[in-house]
Amino acid sequence: MDFTLTQEQLTWKKTVRDFAEKHLAPLAAENDETQTFPREVVPKMAALKLWGVFVPEKYGGAGGSNLDWVLAMEEIGRVDAAMGISVLGHCHAVRAILT
């Protein structure tokens, strides 16, 4: 079985990595220490459709696959585990609504 990512998947992974390093990583340590949630990044994440990676486009999501979601979670969690858990919880709730 070939586990090589497609060019589209690699581009998505890089897009999320760049976003996470630019917008999440600089805030992560302070947010952990102060136990705060970075509300200012929520609209930016929404614009990238990170809150709905696998949600069908007809409902406003990205229409991505489960693998696209996993790639995004990996990159978010790599720089900010707390935000990764927030996205994880949100996405599981959304998946329950969709099914």
Side-chain angles (χ1 to χ4, degrees):
M1 178 176 251
D2 184 7
F3 291 104
T4 305
L5 297 177
T6 66
Q7 188 57 50
E8 186 176 86
Q9 291 164 334
L10 291 169
T11 299
W12 170 245
K13 183 176 174 72
K14 182 180 180 337
T15 298
V16 179
R17 177 176 283 219
D18 291 348
F19 176 88
E21 288 178 352
K22 180 178 180 181
H23 297 287
L24 301 177
L27 307 171
E30 182 179 345
N31 289 335
D32 283 350
E33 290 173 16
T34 60
Q35 297 182 8
T36 55
F37 182 82
R39 296 175 197 265
E40 66 275 13
V41 300
V42 171
K44 296 172 187 173
M45 293 176 74
L48 202 57
K49 302 204 185 247
L50 289 170
W51 297 104
V53 175
F54 56 78
V55 174
E57 290 179 7
K58 69 181 181 179
Y59 298 126
S65 67
N66 286 329
L67 180 56
D68 295 326
W69 178 65
V70 168
L71 294 172
M73 290 299 304
E74 182 178 61
E75 293 303 327
I76 292 168
R78 188 178 64 78
V79 299
D80 188 346
M83 182 57 81
I85 291 169
S86 296
V87 175
L88 176 72
H90 170 81
C91 288
H92 279 301
V94 169
R95 188 175 301 275
I97 292 167
L98 288 172
T99 55

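The first residue in the sequence is number 1, and the count goes up from there. Just the heavy atoms: all of them, side chains too, but no hydrogens, waters or symmetry mates, feed the values below.
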(request) Work out which heavy atom in L48 is nearest to a heavy atom in T15; give both atom names and the distance. (result) CD1-CG2, 3.8 Å

(message) Using side-chain heavy atoms (C-beta onward) and a distance below 4.5 Å, is W69 in contact with L88?
(response) yes

(request) Mind checking the CE-NE2 spacing from M45 to H23? Nearest 0.5 Å is all I need. (result) 10.5 Å

(message) Let me confirm one number: the CD1-CD1 distance from I76 to I85, rounded to the nearest 0.5 Å.
(response) 12.0 Å

(message) How about OH on Y59, more than 12 heavy atoms from neighbouring residues, nucleotides or ligands closer than 6.0 Å, or not?
(response) no

(request) Could you tell me whether R78 and E21 make a salt bridge, using a distance below 4.0 angstrom between a side-chain N and a carboxylate O? (result) yes

(request) Give, for atom CG of D32 and atom CE of M83, the distance between the pair rounded to the nearest 0.5 Å. (result) 10.5 Å

(request) Work out which heavy atom in A28 is nearest to a heavy atom in V79; give both atom names and the distance. (result) CB-O, 3.6 Å

(request) Nearest 0.5 Å please: distance from the CG atom of N31 over to the CZ atom of R39. (result) 11.0 Å

(request) Drop me the distance from W12's CH2 to L71's CG, to the nearest 0.5 angstrom. (result) 9.0 Å

(message) I need the minimum non-hydrogen distance between A62 and V53, along with the two atoms involved.
(response) CB-O, 3.4 Å

(request) Identify the two heavy atoms, one from G84 and one from M73, that lie closest to each other, and give their separation to 0.1 Å. (result) O-CE, 3.0 Å

(request) Not counting sequence neighbours, list each pair that qualifies as a side chain to side chain donor-acceptor pair (under 3.5 Å) and has a residue in residues 80-99. (result) N66-R95

(message) Test: side chain to side chain donor-acceptor pair (under 3.5 Å). Region: residues 42-51. Which pairs qualify, not counting sequence neighbours?
(response) none

(message) Let me confirm one number: the CG-CG distance from L24 to L50, rounded to the nearest 0.5 Å.
(response) 8.5 Å

